Every structure is written in structure tokens, then in C-alpha cells.
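Following: one structure in C-alpha cells, then a few remarks.
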Number of protein chains: 2
Amino acid sequence: MLDESGSKISPRTISRLPVYWRYLKELDDFGIERISSRELAGRIGSTPSQLRQDLNQFGHFGQHGYGYPVEELLSSISQILGLNRTRKMIIVGMGNLGMAIASYENFGRRNIKLAALFDVDPERIGTVVSDVQIQHADEMPKFLEENQIDIGCVSTPPEVAQEAVTTMEHGGVLGIWNFAPVKLQTKLPVEHLHLGDSLLELLYRIGRREDK
Amino acid sequence: MLDESGSKISPRTISRLPVYWRYLKELDDFGIERISSRELAGRIGSTPSQLRQDLNQFGHFGQHGYGYPVEELLSSISQILGLNRTRKMIIVGMGNLGMAIASYENFGRRNIKLAALFDVDPERIGTVVSDVQIQHADEMPKFLEENQIDIGCVSTPPEVAQEAVTTMEHGGVLGIWNFAPVKLQTKLPVEHLHLGDSLLELLYRIGRREDK
DNA sequence: TAGATTGTTAATCGATTAACAATC
DNA sequence: TAGATTGTTAATCGATTAACAATC
């Protein structure tokens with residue numbers, strides 16, 4: 001069994017799963033068949049203890065005295081992350097950041113399909129990015145009614161982010177990938193990614209360094 | 001005193017500072033002069049206890065029975081984050097993501113100045129983005145010798161990210177803002193921001209939701 | 001079997017929450 | 001003074017690290 005339903009997975013563990021997935025994928029691509037927690041943790045910059053503790057929240061993937069079979073573990077983690085099924089994503093807000101997200105080459109590897117792009121700027125509407133044509137945001141409710149969308153990516157200016165999210169929630173979207181620096185009112189799971197906050201954290205750490 | 005040197009600030013606190021800064025800035029822009037920990041925490045989605053605990057790692061900014069003076073607290077946090085001085089940034093890798101970062105309008109508010117852009121693609125070299133012309137990456141060592149740069153932003157393909165970072169480190173850059181999904185070998189502080197990892201975390205949470 | 005490495009329990013460490021005396 | 005809200009200590013909770021028996 002991959003996931004003992006009912007058991008609470010620690011948030012820290014969850015945020016490390018994508019990292020494990022990336023490293024295992026790389027090992028698998030290189031044809032490496034087995035790896036120990038010590039070796040894998042070493043590459044990732046973690047500890048064997050933490051790695052085993054994390055994995056054991058989901059099940060028993062290793063073999064005593066041997067380590068972990070790479071391909072099997074990768075497949076297990078893929079399934080835990082939900083990579084075994086294709087998810088459809090739309091993006092609202094096709095400024096520079098929206099463009100960059102839409103052009104992100106690695107969606108395919110993660111089984112994400114770009115289903116639609118929206119903006120309000122007449123100059124942008126009609127433009128094709130990654131084989132998808134930008135539509136007017138007014139079309140979104142109708143589009144969502146006709147298509148089951150899993151992920152709604154928000155890269156609008158902060159002022160209109162909430163409105164976009166409300167529309168998405170009503171339209172049956174299952175989760176929000178938010179790049180706008182605002183707290184969103186929604187019952188959906190939101191994954192927040194804010195460039196400014198990340199940069200400020202770096203700024204702080206640079207400052208501490210200089211103090212010494 | 002703003003920062004009792006020697007005291008260790010918790011990493012979780014540090015990652016919340018930029019959020020506090022954003023909300024305080026907003027309050028200040030609205031002309032709000034004082035705020036209690038309860039009110040501010042409510043807006044942010046935190047708790048009064050945590051907010052006070054966080055702030056008290058740096059000093060005493062509040063007034064008993066009154067709350068926090070917004071403008072003063074904002075200015076204190078700005079200084080803690082190092083926003084009182086201008087920092088120069090360069091970007092290496094002017095693909096879609098590099099373009100989006102270079103066009104990010106909020107650098108100014110954070111006192112960040114875009115000093116140079118680098119790429120290796122001849123088609124991109126010479127292009128002007130946010131008033132800065134893209135140069136060939138080969139020019140970087142010379143540029144760094146002639147200019148004191150604080151932040152090196154890496155938005156190259158993963159294969160060449162390490163090389164870029166090594167060049168930056170030798171050139172006297174103080175911190176790395178990394179968008180490439182690789183573990184970097186450097187003694188500099190690195191702030192990592194990986195779109196793919198963030199998206200996978202959302203994917204996992206969507207999956208958990210559906211299970212219920 | 002001997003060696004290696006897991007799964008898991010126990011010990012430590014750190015972060016959050018609760019409570020309240022101090023004080024504006 | 002009375003009311004409000006801080007700064008700070010103590011209690012709780014969660015996450016990481018260490019250790020080792022189980023076992024391939």
C-alpha cells in the first residue's frame with residue numbers, strides 16, 4: 001500500500017517529496033538501479049535518517065542490507081505525488097511571468113497539460129504560446145464549464161487575483177498555483193510562490209553575512 | 001538596537017519577515033498609524049503570539065496597551081531586511097524566465113537595481129530589457145571585476161548553472177538567487193526557487209483532497 | 001554466515017501556542 | 001485608574017537526529 005489513508009503526513013516531508021522525485025528521476029535516467037539512504041541523502045544534502053523517516057511515512061520501499069530499488073521507489077513517489085495521471089492547467093495573466101510559466105518546458109515530465117491561457121489585454125489575445133492561444137478572461141467561466149480543469153495558475157496583478165480565483169473555484173478547478181502577492185480567499189489548496197518574498201529573504205541573509 | 005548580534009534568528013522567522021514587510025507597507029500606504037499584533041496577525045493569517053515572538057527576536061517595537069506604530073515598525077523591518085541600501089543584481093540566462101525576472105516591476109520598491117543581463121544565444125544578445133542590454137556571458141568575469149555586484153540571479157538551464165555560479169562567486173557576488181533545479185556548490189548564501197517543485201507540492205495536495 | 005542497511009523507537013532539538021505579569 | 005496589549009516565560013507540539021534491533 002502506498003499511502004496509509006488517515007495517517008497525517010508532515011508538511012515538511014511533503015515539501016521534500018518533489019526533491020526526492022527529481023533526484024530519483026536523474027538516477028533512473030542514468031540507469032542506476034539501487035541506492036542507499038546514505039548515498040541519496042548525500043547527493044540531496046539531507047541525512048539518511050531524515051530520508052528514511054520521510055519515506056516510511058508512506059510505506060516500506062527499501063530492502064534491509066541492500067538499499068532502495070531506484071525504479072520502484074521513483075514509481076512509488078510518482079504515484080504518491082499524483083504524477084500517474086495527467087492534470088490540466090490554465091493560466092490567468094499573460095504578462096512576462098505568465099509567459100514564462102506557459103513556456104516552462106518541464107510540464108510534460110510532470111504530466112501537466114496546458115489547457116488554456118487568459119488575459120484582458122487586447123494586444124495579447126490571440127497570441128499563441130506553447131501551442132495554446134490566449135483568450136479573453138471573460139471566456140473563462142464558459143471554458144471551465146465545458147472543461148474539467150485541475151490547476152489554476154494565477155499570474156495576474158494582485159488587484160485582480162482574487163476575482164480570478166473566485167471564478168476558478170466556481171468553475172470546478174481543484175487547486176491554485178498563485179504567483180500574486182495576496183492572501184486568497186478560497187477553500188481550495190493554494191500553493192504560493194512569490195518572487196519578492198524570496199528575494200527579500202536572500203537580501204536578509206546577505207546582510208547577516210556582511211555583519212560578520 | 002535593531003539586531004542583537006550574536007543571537008540566532010530562527011529560519012522560520014526569517015521567511016516570515018518579507019510577509020510582515022509587505023503587509024506593513026500596505027498599512028502604511030493606507031495611512032494607518034498603529035496596529036495590534038492581533039489585528040496584523042489576523043490579516044496575515046498568523047497568530048498574535050507568533051508575530052510577537054518573531055518581532056521580539058529583533059527588539060522591542062511595540063508599546064504596552066497600545067500596539068505597534070506602523071511607520072516605525074516598517075522602517076525597523078526594512079532595516080533588518082537590508083532594504084535601506086541599494087543592491088545591484090545581474091541575471092544570467094535570459095530565456096522566458098530570465099525575461100520575466102528582468103521585467104519584474106517590484107525591484108524598485110525593494111531597492112534592487114538591475115545592473116546587467118547575460119546569455120549565450122546570439123539572437124538575444126543586444127536586446128534591451130528593462131533598460132538593460134543583454135551581453136554575452138563571456139563578458140561576465142570582466143564586468144564583475146569592474147562592478148561590485150551583490151546578487152547573482154541564475155535562470156540558465158541546469159547544466160550550466162554551476163558554471164555561472166562559480167564565475168559569480170569569483171567575481172565577488174554576495175548571494176545567489178537560483179531558479180535552476182540543481183544543488184549548487186558555493187559558499188555564498190543561495191535562495192532557491194523552483195517552479196517544478198512548487199507545482200508538484202500542489203499536485204500532491206490536490207490528490208489528498210480528492211481522496212476524501 | 002558476515003556485512004550492510006533498513007525500519008523504527010527513543011532522545012534531542014526547535015518552533016508554536018498559551019498564559020500572564022508588566023506597563024503604557 | 002481601568003482597559004488594552006505588549007514582552008516573555010512556560011507548556012505543548014512537531015520535526016530532526018541518533019541509535020540499534022531486525023533482516024536481507
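Chain identifiers are assigned alphabetically (A, B, ...) following the order of the sequence lines, protein sequences preceding nucleic acid strands; residue numbering begins at 1 within each chain. A quick note: this is a predicted structure, and the numbers were derived from the prediction, not measured.
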Please report, rounded to the nearest Å, how far the [atom2] atom of [N] is from the [atom1] atom of [X].
| X | N | atom1 | atom2 | answer |
| --- | --- | --- | --- | --- |
| A:I14 | D:dT16 | CD1 | P | 12 Å |
| A:L55 | D:dT16 | CG | C1' | 15 Å |
| B:H60 | C:dA22 | NE2 | C1' | 13 Å |
| B:F58 | D:dT6 | CZ | C1' | 18 Å |
| B:N56 | C:dA22 | CG | C1' | 13 Å |
| A:L51 | C:dT5 | CG | P | 14 Å |
| A:R38 | C:dT6 | CZ | P | 9 Å |
| B:Q50 | D:dG7 | CD | C1' | 16 Å |

Any [X] side-chain N or O less than 4.0 Å from OP1/OP2 of [N]:
| X | N | result |
| --- | --- | --- |
| A:S37 | C:dT5 | no |
| A:R52 | C:dG7 | no |
| A:Y68 | C:dA4 | no |
| A:Q63 | C:dT6 | no |
| B:R12 | C:dC13 | no |
| B:T47 | C:dT17 | yes |

For D:dT8, which nucleotide in any strand shown is its Watson-Crick or wobble partner with both distances under 3.5 Å?
C:dA19

According to the Watson-Crick and G-U wobble definitions, with both distances under 3.5 Å, which nucleotide is paired to C:dC24?
D:dG3

Looking at [Y] and [X], is there a salt bridge between them, counting it only when a charged N and a carboxylate O are closer than 4.0 Å?
| X | Y | answer |
| --- | --- | --- |
| A:E72 | A:R34 | no |
| A:E191 | B:R205 | yes |
| A:K88 | A:E146 | no |

Judged by each residue's nearest nucleotide on DNA chain D, which is more toward the 5′ side, B:P48 or A:D54?
B:P48

Indicate, yes or no, whether a donor-acceptor pair under 3.5 Å links the base of [N] to the side chain of [X].
| X | N | result |
| --- | --- | --- |
| B:Q53 | C:dT17 | yes |
| B:S10 | C:dA15 | no |
| B:H64 | C:dT23 | no |

Comparing A:S36 with B:Y66, nearest DNA chain C nucleotide closer to 5' gives the residue A:S36

Donor + acceptor pair across side chains of [X], [Y] (<3.5 Å):
| X | Y | value |
| --- | --- | --- |
| B:E201 | A:S15 | no |
| B:Q53 | B:S49 | no |
| A:S75 | A:E71 | no |

